[in-house]
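Letters go in sequence order (proteins before strands), and every chain restarts at 1. Computed from a predicted structure; not experimentally measured.
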Amino acid sequence: MNLALLSLTLPLVGALLLILLRPAGGRWVIMINLASTLAAAGALHQVMQTGTQWLELGGWQAPLAIRFQLSPLAALLLLFTAGLHLLVALYAARSRHAIGGEDFWPLSCLLQAALAALWLSGDLFNLYVTLELLSLAAVALVALAGAKAYRPALNYLLLSLAGSLAYLFGVALLYGRYGVLDIALLSELAEADVTTRLALLLMSLGLMLKAALWPLHLWLPPAHAGAPAAVSALLSALVVKGPLYILWLLWSRIAPVELAQSAGGLFAVAGIFALLCGGWSALRAPYLKTLVAYSTVAQLGYALLALGLLLRWQEPSLSAALWLFVLAHGLAKVSMFLAAGELQYTLGSKRVRALKGASQTMPLALFAFAVAGGSLIGLPPSGGFLAKWLLLQPLFQQPQHWPWAIGVLLGTLASAAYVFRVVALGFDRARPTPASFHPDRLAQWLAMLPALLVWCLALISKPLLLWIGGVSQ
Amino acid sequence: MPEALLYWLSWPLLVGGLLFFAAGSLGLLRFPDVYSRLHALTKADTLGLGLVVAGLSCRADSLLEVGQMLVIWLLVLASGATACQLLARQAREEHGDD
Amino acid sequence: MTEWLLDAVLALLLLALAGGALHARNRYAGVLLFIAFGLVLALIWARLGAPDLALAEAAIGAGLTGVLLLAALARQPAGSGAEGVSFARHRLAAAAVLVPLLMILLQGLDPLAEQRSPLPELATGALGQSGVSHPVTAVLLNYRAWDTLLELAVLLLALLGARQLGPARFEVERPWPLLRAWSRSLAPLLLLAGGYLLWSGSSAPGGAFQAGSLLAAGVVLLRLAGVLPALRWSFWPLRLLVLLGLLLFLAVAIACAWFGAGWLVYPDGWAKPLILVIEVAATLSIAASLSLLVVGEAREASA
Amino acid sequence: MSTTLFWLAVGALLWLIGLHGLLTLRDALRRIIAINLMGSGVFLVMIALAARVVPSDPVLVALVVTGLVVAVSATALALRLAGSAERGKSS
């Protein structure tokens, strides 16, 4: 547990010192992220041996005070957060256009600390405070992009606050009903009465609004497209996953079984709609970063589908699919957004049409975009394919659930459509858009690094599946 | 005996204070321009508060409480007067002497 | 009977002010009604037996939020807010939507009145070792100290976000002598009240947040009266003051984890001094953050 | 219709008024006021629950104090954003 706390406090203290002393941020943040990644890896290694560890903050017994819960899944998410921050920091240190201002460095460290506090916390109100921390950090980061990003940032902030307050209303109801805020204790006490159903409904609405899950996703594309490239990578890969983790905690731990099963169906249907609507909007998006933002909404549909089926059939192996989706989507989306930012900056235009002939002018960036797109589609050797394979396993065993497979098929079709729309434009070399200046090769290699990592997941697929299968118990 | 006397004495004071507050609010709603409204507000409400403080101090069980209420009343007096001056000056600068 | 009358009047006033604040004809009336809403809400907190909250609501909710709203209103070009939709026409439509939703919520809320929670007994029971005698301060700074630490980070984040949104030039033309004299005499009073609130926090309603917001009100008043120079972010002692609360809290937490028994576990006997030090630092950083949020100016303040 | 339920109902109604205002109004300042009303509504629900026991539940009061400061800092950020967005649009 101490290593996990180290991985949490390093970025927090680092951010405070960065604000106070205002050094050149790049190098320091890379060192902080490296150290916190190693700490998270140590914590994960330790927790795989000893199993879930608990820490009562302040030494008080469970119901009174906050409890930290370091499960293998939480440690994996800590490592995932620190790793992604490291990758983005490496790219951002190289190409300064992608961060929008020197304030990016302390804010990204605070974002990492907020996420670490969220993964570790086991208390409902503490999760509310971490959610607020997360959304304020995300809004401050989006607002870095200058005046054009203020309106979407304001809309994002207001809707995110409304979501937090709906979540807080649910927490107040649960506390009123059971008198306890700790998740582990609540999971023993919860029973399916009208107050619990209303509380879970309110909390789920708030969390779906904050995680931009299908019906409540309209704020995401303008906010993520308007933000600087490195910021939108962090937002799409990490910030929307926090509320999803809490949603999973709520429904798989606290909710009684019959409530979870009835909600599972709704989540699965919402997932299918997210896939279709996200894919359709991405197909028609005129701007490159809006396309990638809509693809986030679509890919979250897979996670929602996995969550829905997990709850509906009470099939624990599906939660491994859910978390593999989160990992694979995170890595692929970081690479896609960084490549899109690089393309947009060098070719000088935000439109998708400007990518004509990009395979000639900027081959590396387009290759990174295509490789990341491959993982989003789920082409065989990539992480995305592993997650989809895990998702489809129960469907093969019980053939009577075939309609869900049709949904997954349509989702794959939609994501393939919008990725190949970009790639096809890239290879149309009739009148290539000239690069406004000599493209920076190292930046493109750094943008490609996460995509290569997501394809390396396939090399270690056997231990990875066993390991994640064990993790999500 | 003095407690009962004080108790009955506090009723007229409290009702008087209430009346002054009502007069102040009525003045705020009905008076035509800024200055008369300011006048109504600061004068009537401060006096109303004074009467309420007097009424409550009859019922107070310790002198400390009476002292606290008096300090509060002095603070309201001072801040009311200053605010009234500032608002009146602001109004004069914006509209001139219409 | 009279208790019912008081509740009904307060609740009616609260809801009327809320409706008015949202749907008033022009924005200025809306902001004023919202400030009145904050004060009535402070009354309701006192009525429901939460004096800490009444203090905090009056100081932060009605006071500083009101100043923030008025400052935002002053910066915006006049007349652009005349959009006040005539609420009369929409009232029926709104009621038709809200009432069924309220019925649904009430079904969920109904059984809560009889439930009881074990936490109050636990909190007051463990007061002995918590180092303070007022239960709310014990919860804030000892049982759930992690919440308070994260919450200081939330305030810092709001300041970081607001700071880089371009220069907030604060044009103070020539402050009136009356305002300067009044702010000079009021400031020590606010300082005294803030210090008292901070000190009494360990045994009576009060504490870091209420004291911090009172001090911030004093700083804002002095800045508006032109007595204080411009508060600039580039001035590093001010940055240190803003970060002081969080840095100290983290230092205590890490020191406890390193040498003591665990994360945020105050060594026994040390609880009271540690809490006092943390509370003083938190008050100063809250006062600095809130006043920077209201009257802070960006680096390149106009010459 | 106990006192607790009365104040719970008032809090829930306040939350709904804020939510309705947030979704229907277009002006940024009014939407920020709507968010504050929603926050006050939830806090009223929490304090109504706290008032069930006579010395009111210290845990809930502390949670609401924390929530209040979170609400103020979010409002301050939202107002600065609204102001800059307005200035950006008009200049």
Side-chain angles (χ1 to χ4, degrees), chain A residues 1-2 5 9 12-13 15-17 19-22 55-61 63-66 68 101 103 106-107 110 113-114 117 121 123 125-126 129-130 132-133 136-137 139-141 143-144 147 150 153 157 169 173 175-181 193-199 201-202, chain C residues 104-105 107-113 115-120 122-123 125-126 129-130 139 142-151 153-166 233-234 236 239-240 242-243 246-247 250-251 253-254 256-258 260-266 268:
Chain A
M1 180 53 98
N2 282 343
L5 285 177
T9 41
L12 195 55
V13 173
L16 298 186
L17 294 181
I19 296 171
L20 187 61
L21 312 173
R22 301 173 86 161
L55 170 71
E56 272 133 7
L57 292 180
W60 306 100
Q61 278 65 35
L64 184 56
I66 303 166
F68 269 4
D103 261 348
L107 280 173
L110 282 169
S121 166
D123 178 277
F125 184 79
N126 192 247
V129 180
T130 48
E132 285 290 324
L133 207 59
L136 280 183
V139 166
L141 279 166
L144 275 175
Y150 288 161
L157 177 62
F169 202 146
L173 288 178
Y175 180 81
R177 172 72 182 76
Y178 300 107
V180 172
L181 282 172
D193 59 4
V194 66
T195 313
T196 317
R197 196 179 309 122
L198 178 68
L201 172 70
L202 282 170
Chain C
I104 298 168
L105 286 181
Q107 275 174 0
L109 290 170
D110 190 35
L112 291 185
Q115 309 290 342
R116 285 298 173 268
S117 154
L119 284 190
L122 282 173
Q129 312 94 348
S130 74
V139 172
N142 200 333
Y143 306 149
R144 298 185 70 96
W146 181 243
D147 270 351
T148 315
L149 193 143
L150 285 186
E151 197 246 303
V154 167
L155 196 60
L156 172 68
L157 260 172
L159 189 59
L160 271 178
R163 199 189 60 72
Q164 32 93 13
L165 287 176
W233 183 250
S234 47
W236 74 267
R239 281 206 308 276
L240 179 63
V242 165
L243 299 170
L246 207 45
L247 274 174
L250 271 173
I254 293 168
C256 289
W258 209 277
W263 184 259
L264 276 177
V265 179
Y266 304 127
D268 40 22

> Taking the six-membered ring for Trp, is the centroid-to-centroid distance between A:Phe68 and C:Trp263 below 6.0 Å?
Replying inline: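 Ring centroids of A:Phe68 and C:Trp263 are no less than 6.0 Å from each other.
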>> Please find the pair of heavy atoms, one from C:Ser117 and one from A:Gly179, that lie closest to each other, and give the distance.
In response: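 Looking at all heavy atoms of both residues, the shortest contact is OG-O, 3.2 Å.
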Please round to the nearest 0.5 Å and tell me the distance separating atom [atom1] of [X] and atom [atom2] of [Y].
X        : Y        : atom1 : atom2 : answer
C:Leu247 : A:Leu16  : CG    : CG    : 5.0 Å
A:Gln61  : C:Tyr143 : CD    : OH    : 11.0 Å
A:Asp123 : C:Arg144 : CG    : CZ    : 4.0 Å
C:Asn142 : A:Leu57  : CG    : CG    : 11.5 Å
A:Thr195 : C:Asp110 : OG1   : CG    : 8.5 Å

> Quick one: which of A:Leu136, A:Leu141, A:Ile19 gives a side chain to side chain contact (heavy atoms under 4.5 Å, CB included) with C:Leu160?
Replying inline: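 Of A:Leu136, A:Leu141, A:Ile19, side chain to side chain contact (heavy atoms under 4.5 Å, CB included) with C:Leu160 is met by A:Ile19 alone.
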>> Using the rule side chain to side chain contact (heavy atoms under 4.5 Å, CB included), only one of C:Val154, C:Asp147, C:Leu150 pairs with A:Thr130; which is it?
In response: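 Single side chain to side chain contact (heavy atoms under 4.5 Å, CB included) partner of A:Thr130 among C:Val154, C:Asp147, C:Leu150: C:Leu150.
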> Which atoms of C:Leu155 come close to chain A, meaning under 4.5 Å heavy atom to heavy atom: side chain ones, backbone ones, both, or neither?
Replying inline: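 Interface part for C:Leu155: neither.
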> Do the side chains of C:Leu109 and A:Leu173 get nearer than 4.5 Å, heavy atoms only?
Replying inline: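 SC-SC contact between A:Leu173 and C:Leu109 confirmed.
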> Do the side chains of C:Leu122 and A:Trp60 get nearer than 4.5 Å, heavy atoms only?
Replying inline: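 Heavy-atom side-chain distance check fails, nothing below 4.5 Å.
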